[in-house]
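Starting from 1, each residue takes its place in the sequence as its number.
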Amino acid sequence: MVSTLPTVLPLQESAFFFDFDGTLVELASTPDGIEVTPVVRPLLQRLSAMTGGAVAIVSGRSIKTLDSFLAPLRLPVAGEHGAERRDTRGQLLVSDIDQEQLKQMALTLSDIVQAHPGLLLEVKGAALSLHFRHAPQHEHIAWRATEELVARDSQKYVVQPGKMVFEIKPKNVDKGKAIEAFLQEPPFAGRKPFFFGDDLTDEKGFDVVNERGGWSVKVGGGATRARARFDSVQTLLTWLAQMLELSVEPA
């Protein structure tokens, strides 16, 4: 694994994909507690302009939530690991989800949260996240609760471990599939992909980028299949600013 990326890139031949939490913004104690620093939006906006729009966010968060954090910037985005995706034309593509079944699972997990203080349930449009950041002693309880629910319908759902969280998500979606879908469409098609992520949920995205000869980049520590690594969110943002200054603007 190399530790750094080139700082001069052919931007019109590159496509950029970013996870959000732990990648573009620091993790916080609660999902709503993150802070988007003032440099993030201008950097993404300039990168989008210099690549002809080949910049997308690929996150476990919902598109609605991501838009609220990045407003007024509006990028192509895959939310909830790709269960919902907005392409460069603004078209929204959403997986078929049994909302009543998801609601019942949420009610079950809510009972678990009430019985074990410190656990936090995040209800999304197509997924459920059970956080144990404030109650690491309840990790096994969170894991068992999500595993038991998924076992009842393992053809539809899977448990996705993350940083201090277990997430129930549709089985047929992941960040790798979301990136593959973008790479079939303009302006992403035919370009070398770059994907920046920090978590276990990003590894399938790294695999897709590696298979296409691109740059997969892990932000922070931990084992990974990524080809490169930045040690922090700030290191990534600093590299991105330097790269934009050194790379040639499109004619």
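Using a 4.0 Å cut-off between a side-chain N of Lys or Arg and a carboxylate O of Asp or Glu, K163 and D21 do not qualify as a salt bridge. Using a 4.0 Å cut-off between a side-chain N of Lys or Arg and a carboxylate O of Asp or Glu, R152 and E147 do not qualify as a salt bridge. R46 has a carboxylate O that lies under 4.0 Å from a charged side-chain N of E245, or vice versa, which qualifies the two as a salt bridge. Looking at D202 and K218, no side-chain N of the basic residue comes within less than 4.0 Å of a carboxylate O on the acidic one, giving no salt bridge. Here K169 does not pair with D174 in a salt bridge; the nearest charged N to carboxylate O distance is not below 4.0 Å. Using a 4.0 Å cut-off between charged nitrogen and carboxylate oxygen, E167 and K124 count as a salt-bridge pair.
Residues I63 and V25 share a single hydrophobic cluster, defined by chaining ILVMFWY side chains whose heavy atoms lie under 4.5 Å apart. In the hydrophobic clustering of this structure, V165 does not group with V123; members are Ile, Leu, Val, Met, Phe, Trp, Tyr whose side-chain heavy atoms approach within less than 4.5 Å, directly or through other members. Under a hydrophobic-cluster definition in which Ile, Leu, Val, Met, Phe, Trp and Tyr are linked whenever side-chain heavy atoms come within less than 4.5 Å, directly or via other members, L11 and L236 are assigned to the same cluster. Hydrophobic clustering (side-chain heavy atoms under 4.5 Å, transitive across Ile, Leu, Val, Met, Phe, Trp, Tyr) keeps V173 apart from V209. In terms of hydrophobic clustering, with Ile, Leu, Val, Met, Phe, Trp and Tyr side chains grouped at heavy-atom distances under 4.5 Å, L43 and V58 are assigned to different clusters.
The number of heavy-atom neighbours closer than 6.0 Å to NZ of K171, taken from other residues, nucleotides and ligands shown, is above 12. Around atom CD of Q45, no more than 12 heavy atoms belonging to other residues, nucleotides or ligands sit under 6.0 Å away. Heavy atoms from other residues, nucleotides or ligands lying under 6.0 Å from CD of Q155 number 12 at most.
Here the straight-line distance linking atom OG1 of T146 with atom CG of L109 works out to 7.5 Å at 0.5 Å rounding. Of the inter-residue distances, the one linking K156 atom NZ with L102 atom CG reads 10.5 Å to the nearest 0.5 angstrom.
Residues satisfying the ring pair (Phe, Tyr, Trp, His ring centres under 6.0 Å) criterion with F188, sequence neighbours excluded, are F17, F182.
Checked against the 6.0 Å centroid criterion, the rings of F166 and F132 qualify as a close aromatic pair.
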Using the salt bridge (Lys or Arg N to Asp or Glu O under 4.0 Å) rule, take R85 and E185 through it: C-alpha gap first, then chi angles, then the decisive distance, then the call. CA-CA 13 Å; R85 192 171 66 87; E185 305 166 350; 2.8 Å; yes
Could you walk me through whether W239 and F196 pass ring pair (Phe, Tyr, Trp, His ring centres under 6.0 Å), step by step? CA-CA 12 Å; W239 171 84; F196 304 83; 5.7 Å; yes
Give the C-alpha distance, both sets of side-chain angles, the deciding distance and a yes or no for side chain to side chain contact (heavy atoms under 4.5 Å, CB included) between I168 and M105. CA-CA 9 Å; I168 295 175; M105 289 194 291; 4.1 Å; yes
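Side-chain contact check for T65 and S62: at least one donor-acceptor pair (N or O, by modelled atom type) lies under 3.5 Å. Defined by atom type and a distance below 3.5 Å, a donor-acceptor pair is missing between the side-chain atoms of Q242 and T238. Side chain to side chain, Q104 and E100 meet the donor-acceptor criterion of an N or O pair below 3.5 Å. Using a 3.5 Å distance cut-off with no hydrogens or angles, the side chains of E203 and T224 do pair a donor with an acceptor.
Shown here for P187 and G52, the closest heavy-atom pair between the two residues is CG-O, 3.5 Å. Across all non-hydrogen atoms, the minimal contact from P117 to A135 is O-CB, 3.9 Å.
Residue pairs meeting the ring pair (Phe, Tyr, Trp, His ring centres under 6.0 Å) criterion with at least one partner in residues 38-59, sequence neighbours excluded, do not occur; the list is empty. Within the structure, ring pair (Phe, Tyr, Trp, His ring centres under 6.0 Å) pairs that include any residue of residues 71-119 comprise H116-H138 (at least two apart or interchain).
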